[in-house]
**Q** 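Dropping the structure in here first, questions after.
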Amino acid sequence: MGILDGKKGLIFGVANDRSIATGVAKSCHAHGASLAFTHLPGDKNLRRVSQATKELDPLFLEPCDVTEEGSIKAIFEKAKSEMGQIDFVVHSLAFANRDDLVKPFSQTSKEGFELALNVSAYSLIEMAREYVAVQPDGPGSLMTMTYLGSVMAVPNYNVMGVAKAALESSVRYLALDLGEKNIRVNAISPGPIRTLAAMAVGDFGKMLDHATEKTPLKRTVDQSEVGETAAFFASDMSSGITGEITYVDAGYNIVG
Ligand SMILES: NC(=O)c1ccc[n+]([C@@H]2O[C@H](COP(=O)([O-])OP(=O)(O)OC[C@H]3O[C@@H](n4cnc5c(N)ncnc54)[C@H](O)[C@@H]3O)[C@@H](O)[C@H]2O)c1
């Protein structure tokens with residue numbers, strides 16, 4: 001018996017085989033869940049996401065750019081009509097202009113600020129709204145991916161740190177808001193993992209080396225370890241947990 005037997009999940013954020021969302025999908029599938037996925041519009045993106053999810057028998061693959069008006073709403077309506085129950089939703093996406101992840105933070109443009117906050121944080125609020133709209137009585141579990149740069153000034157993380165601070169605060173307010181509907185909202189905060197998005201952060205290799213040296217476990221984490229934690233949050237085993245930020249970082253955040 002898998003902890004997610006009979007459960008259905010909707011996953012935003014697979015770009016390729018290295019995506020954290022792919023690790024989440026593999027774990028959830030291994031624990032018994034059926035899954036639907038979104039991908040950024042475009043044939044190339046569809047090909048990569050099809051490749052990354054081909055062993056997972058996707059219920060559907062549907063394009064979604066969270067900055068496009070009505071895009072998130074359309075996905076939730078499709079998911080509800082095709083899946084019936086949406087037991088869990090994974091928000092594993094973020095974006096900032098590369099410029100804003102290498103230049104001094106004080107040089108962040110207003111446009112770059114708005115873009116990062118819109119894609120990386122506001123999209124979670126919109127997903128929560130559309131989740132409740134199609135499933136007003138729950139139950140459900142919504143989870144997102146954050147990073148330590150939200151609460152500490154991590155070199156080069158810059159505007160993405162501000163976006164993650166907004167995201168984490170949104171997790172708490174959404175948990176309070178959606179609790180009555182029996183929808184839980186949580187965040188996982190992984191340590192650095194080599195993915196497409198991570199490569200945009202200046203000196204990312206140094207972050208990996210530093211993490212390996214400093215963590216209590218003396219190593220970094222991988223997508224499958226984040227995936228196993230996500231499977232726990234998707235399952236009834238976490239039924240008493242909402243509004244939490246859970247670190248999956250080999251202990252990096254507790255070291256002074
Ligand atoms: N890799 C790390 O070190 C690390 C650490 C902590 C947190 N995270 C977070 O994990 C999440 C997933 O990132 P990842 O590292 O797997 O990288 P990734 O590049 O594989 O995934 C990022 C995803 O964001 C999606 N995306 C970007 N703009 C979008 C838009 N406008 N509409 C819809 N989707 C959009 C991309 O398509 C991609 O699937 C992000 O929130 C990231 O900040 C990553």
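Below, all heavy atoms of this structure are taken into account, side chains as well, without hydrogens, waters or symmetry copies. When a ligand or atom number is given, it counts from 1 through the structure's own listing order.
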**Q** Starting from atom 19 (O) of ligand 1, which protein heavy atom do you reach first, and at what distance in Å?
**A** Ala197 N, 3.0 Å
**Q** Do Lys8 and Phe88 form a cation-pi contact, if we require the NZ or CZ to be under 6.0 Å from the six-membered ring centre and within 45 degrees of the ring's axis?
**A** no
**Q** Using the ring of each side chain (for Trp, its six-membered ring), is Tyr252 parallel, tilted or perpendicular to His210, with breaks at 30° and 60°?
**A** perpendicular
**Q** Looking only at protein heavy atoms, which one is nearest to atom 39 (O) of ligand 1, and how far off is it?
**A** Gly13 O, 2.8 Å
**Q** When you compare the side chain of Leu115 with that of Asn97, does any pair of heavy atoms fall below 4.5 Å?
**A** yes
**Q** Just by distance, no angles: are the side chains of Glu168 and Ser150 close enough, under 3.5 Å, to form a donor-acceptor pair?
**A** yes
**Q** Polar-atom distance check: Ile193 versus ligand 1, any N or O pair below 3.5 Å?
**A** yes
**Q** Is Val119 in polar range of ligand 1, meaning some N or O pair under 3.5 Å apart?
**A** no
**Q** For atom 9 (C) of ligand 1, what's the nearest protein heavy atom and its distance?
**A** Met145 CB, 3.7 Å
**Q** Should Glu62 and His39 be marked as a side-chain hydrogen bond (donor to acceptor under 3.5 Å, both in side chains) after you check the CA-CA gap, both sets of side-chain angles, and the distance that decides it?
**A** CA-CA 6 Å; Glu62 193 69 11; His39 61 87; over 6 Å; no
**Q** Within the structure, does Asp65 bring an N/O atom to less than 3.5 angstrom of an N/O atom in ligand 1?
**A** yes
**Q** Regarding Glu130 and Lys80, does a basic nitrogen lie under 4.0 Å from an acidic carboxylate oxygen?
**A** no
**Q** Do ligand 1 and Tyr147 have nitrogen or oxygen atoms that lie under 3.5 Å from each other?
**A** no
**Q** Would you say Ile20 has any N or O atom under 3.5 Å from an N or O of ligand 1, going by distance alone?
**A** yes
**Q** Lys164: heavy atom below 4.0 Å from ligand 1, yes or no?
**A** yes
**Q** Thr220 vs Arg194, test: side chain to side chain contact (heavy atoms under 4.5 Å, CB included). Steps then yes/no.
**A** CA-CA 10 Å; Thr220 53; Arg194 205 176 278 281; over 6 Å; no
**Q** So is there a nitrogen or oxygen of Thr195 less than 3.5 Å from a nitrogen or oxygen in ligand 1?
**A** yes
**Q** Judged by non-hydrogen atoms, does Ser123 sit under 4.0 Å from ligand 1?
**A** no
**Q** Looking only at protein heavy atoms, identify the closest one to atom 27 (C) of ligand 1 and say how far it is in Å.
**A** Ala94 O, 3.5 Å
**Q** If you count the non-hydrogen atoms of other residues, nucleotides and ligands that lie under 6.0 Å from NZ in Lys78, is the total more than 12?
**A** yes
**Q** Are Tyr157 and Tyr147 an aromatic pair, judged by ring center distance below 6.0 Å?
**A** yes
**Q** Taking distance alone, with no angle check, do Leu93 and ligand 1 share an N/O pair under 3.5 Å?
**A** yes
**Q** Would Thr67 count as being in polar contact with ligand 1, using the rule that some N or O on each side must be under 3.5 angstrom apart?
**A** no
**Q** Pairs of nitrogen or oxygen atoms closer than 3.5 Å, one from Val66 and one from ligand 1: do any exist?
**A** yes
**Q** Considering only non-hydrogen protein atoms, determine which one is nearest to atom 33 (C) of ligand 1 and report residue, atom name and distance to 0.1 Å.
**A** Cys64 O, 3.4 Å
**Q** Within a distance under 4.0 Å of any heavy atom of Gly191, pick out the atoms of ligand 1 and give their elements.
**A** 3 (O), 5 (C)
**Q** Using a strict 4.0 Å threshold on nitrogen-to-oxygen distance, state whether Asp17 and Arg48 make a salt bridge.
**A** no
**Q** Would you say Thr146 touches ligand 1, if touching means a heavy atom closer than 4.0 Å?
**A** yes
**Q** Could you say whether the N/O atoms of Leu40 and ligand 1 ever approach to under 3.5 Å?
**A** no
**Q** Side chain to side chain contact (heavy atoms under 4.5 Å, CB included) between Tyr122 and Leu117: does it pass, once the steps are laid out?
**A** CA-CA 6 Å; Tyr122 184 73; Leu117 273 280; over 6 Å; no
